[in-house]
Protein chains: 2
Amino acid sequence: MSCREESAATLRRAGHRVTSAKLLVIEALRHAEDHLSATAVIEQVRRDSPHVNESTVYRTLGALRDSRLISETTFGHGEVAYEWLGERPHHHLVCNSCGAVDELSDEIVAGFAEQLSRTHGFVADLQHLAVPGVCAKCANETAGR
Amino acid sequence: MSCREESAATLRRAGHRVTSAKLLVIEALRHAEDHLSATAVIEQVRRDSPHVNESTVYRTLGALRDSRLISETTFGHGEVAYEWLGERPHHHLVCNSCGAVDELSDEIVAGFAEQLSRTHGFVADLQHLAVPGVCAKCANETAGR
DNA sequence: CTGACTAATGCAACAACTTGCAAGAGCGAG
DNA sequence: CTCGCTCTTGCAAGTTGTTGCATTAGTCAG
């Protein structure tokens, strides 16, 4: 199955209609294999089809997020980043000092969620968490000084 | 010490100049004893001093957040909520189903942060976390059906 | 108390999103 | 294949938050 057909099938499975705008947004995020800002997605989509309206992209991003096909994350203060959610859930460690974004497997986060369930009966929905802080490298440099 | 003098002292300690705009923003948040949206803060500030510019309030909220005097949290998708950070750190459990916001003590979160430190050397800065999910009540109702 | 240095503010333009509405297009029924 | 229901889209106007710059006003040294 081609990449495009796969995207179409995913869309259909999630109850969306298969339109060129949605496909373009999905392709942009899949091929980026990284976080993209809304503006970057618009730019990428327009590289292929300049006529696509920006509000359509915003609406599509919101719809795909609600269907759990992509994640919407706020890194630090300001920008919203979108990312294709492929296989397993994952999370991010964002360094406030150097800006590095590291990946965090789901295990620790899942343990945290389980604790919340045990103690508060709260079923946490942590599919894509961005944890702010200071990375090991920056923490060392600061301590050394 | 009056409430206002206390706010002024807090501002000074954090390296800010004591201005009426900053005091009004702080008082609004302190007396609310709850989360306020940026718009609500502007409204509240203007009830006392209608001449204060909205961009000043936005800038003040940003400055106070950077000084750790207030927290900036995103509940669900959309609005940003500000809250006065009094004593001890605390967090929130936000129900996606009924919208209830419950408080979460820092203990569990601190344990999570410690794990991140042990496994990744990452010093997490989780002073005010909003965990999305489904509260115990809503989870029960769904299960019962 | 006075002057000066610099943070804070107001203003207006800008950037980043959102929303209502009418026109267009996907997709399932027949 | 065609019809029609309804989801999507484009457009334009509206929110919400940000930024550059000139002016105002806290603070602190003297």
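By convention in this document, chain letters (A, B, ...) are assigned in the order of the sequence lines, proteins followed by strands, and residues within each chain are numbered from 1.
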S.K.: Rounding to an integer number of Å, can you tell me how far A/Asn53 CG sits from D/dC7 P?
M.R.: 20 Å

S.K.: Just checking B/Thr39: base, sugar-phosphate only, or nothing, at a heavy-atom cut-off of under 4.0 Å?
M.R.: sugar-phosphate

S.K.: Output yes when at least one side-chain N/O atom of A/Thr56 is less than 4.0 Å from OP1 or OP2 of D/dG10, else no.
M.R.: yes

S.K.: When the ring planes of B/Phe112 and A/Phe112 are compared, do they come out parallel, tilted or perpendicular, using 30° and 60° as the limits?
M.R.: parallel

S.K.: Using atom CD of B/Glu72 as one end and atom P of D/dT16 as the other, report the distance to the nearest whole Å.
M.R.: 16 Å

S.K.: So, does B/Thr19 get its side chain near the phosphate of C/dT9, meaning an N or O under 4.0 Å from OP1 or OP2?
M.R.: yes

S.K.: Quiz question: going by heavy-atom distance under 3.5 Å, is there a donor-acceptor pair between the base of C/dC27 and the side chain of A/Arg17?
M.R.: no

S.K.: I need the CG-C1' distance between B/Leu11 and C/dA7, as an integer number of Å.
M.R.: 13 Å

S.K.: Nearest-Å distance, OH (B/Tyr58) to C1' (C/dT9)?
M.R.: 16 Å

S.K.: How far does CD1 of A/Ile108 sit from OG1 of B/Thr119, to the nearest 0.5 angstrom?
M.R.: 3.0 Å

S.K.: For a quick check of understanding: with a heavy-atom distance under 4.0 Å over all strands, which category does A/Thr60 fall into, base, sugar-phosphate or nothing?
M.R.: sugar-phosphate

S.K.: Rounded to the nearest Å, what distance is computed from the CD1 atom of residue B/Ile42 to the P atom of nucleotide D/dT16?
M.R.: 9 Å

S.K.: In whole angstroms, how far is the C1' atom of C/dA8 from the NZ atom of B/Lys22?
M.R.: 6 Å

S.K.: Does a distance-only test, which skips hydrogens and angles, find a donor-acceptor pair under 3.5 Å between the side chain of B/Arg59 and the base of C/dG10?
M.R.: yes

S.K.: In terms of side-chain heavy atoms, does A/Glu27 have a donor or acceptor partner in A/Ser7 at a distance below 3.5 Å?
M.R.: yes

S.K.: Between C/dT18 atom P and A/Arg65 atom CZ, what is the distance in whole Å?
M.R.: 8 Å

S.K.: Between A/Asp125 and A/Arg68, is there a side-chain N and carboxylate O pair less than 4.0 Å apart?
M.R.: yes

S.K.: Within the pair A/His16 and D/dC7, is there a side-chain N or O less than 4.0 Å away from OP1 or OP2?
M.R.: no

S.K.: DNA chain D: A/Ala21 or B/Arg12, which has the more 5' nearest nucleotide?
M.R.: A/Ala21

S.K.: Answer yes or no: is there an ion pair linking B/Glu54 with B/Arg46, defined by an N-O contact shorter than 4.0 Å?
M.R.: no

S.K.: Expressed as a whole number of angstroms, how long is the span from B/Leu23:CG to C/dA8:C1'?
M.R.: 13 Å

S.K.: At 4.0 Å (heavy atoms only), tell me whether B/Ala38 reaches a base, stays on the sugar-phosphate, or touches nothing.
M.R.: sugar-phosphate

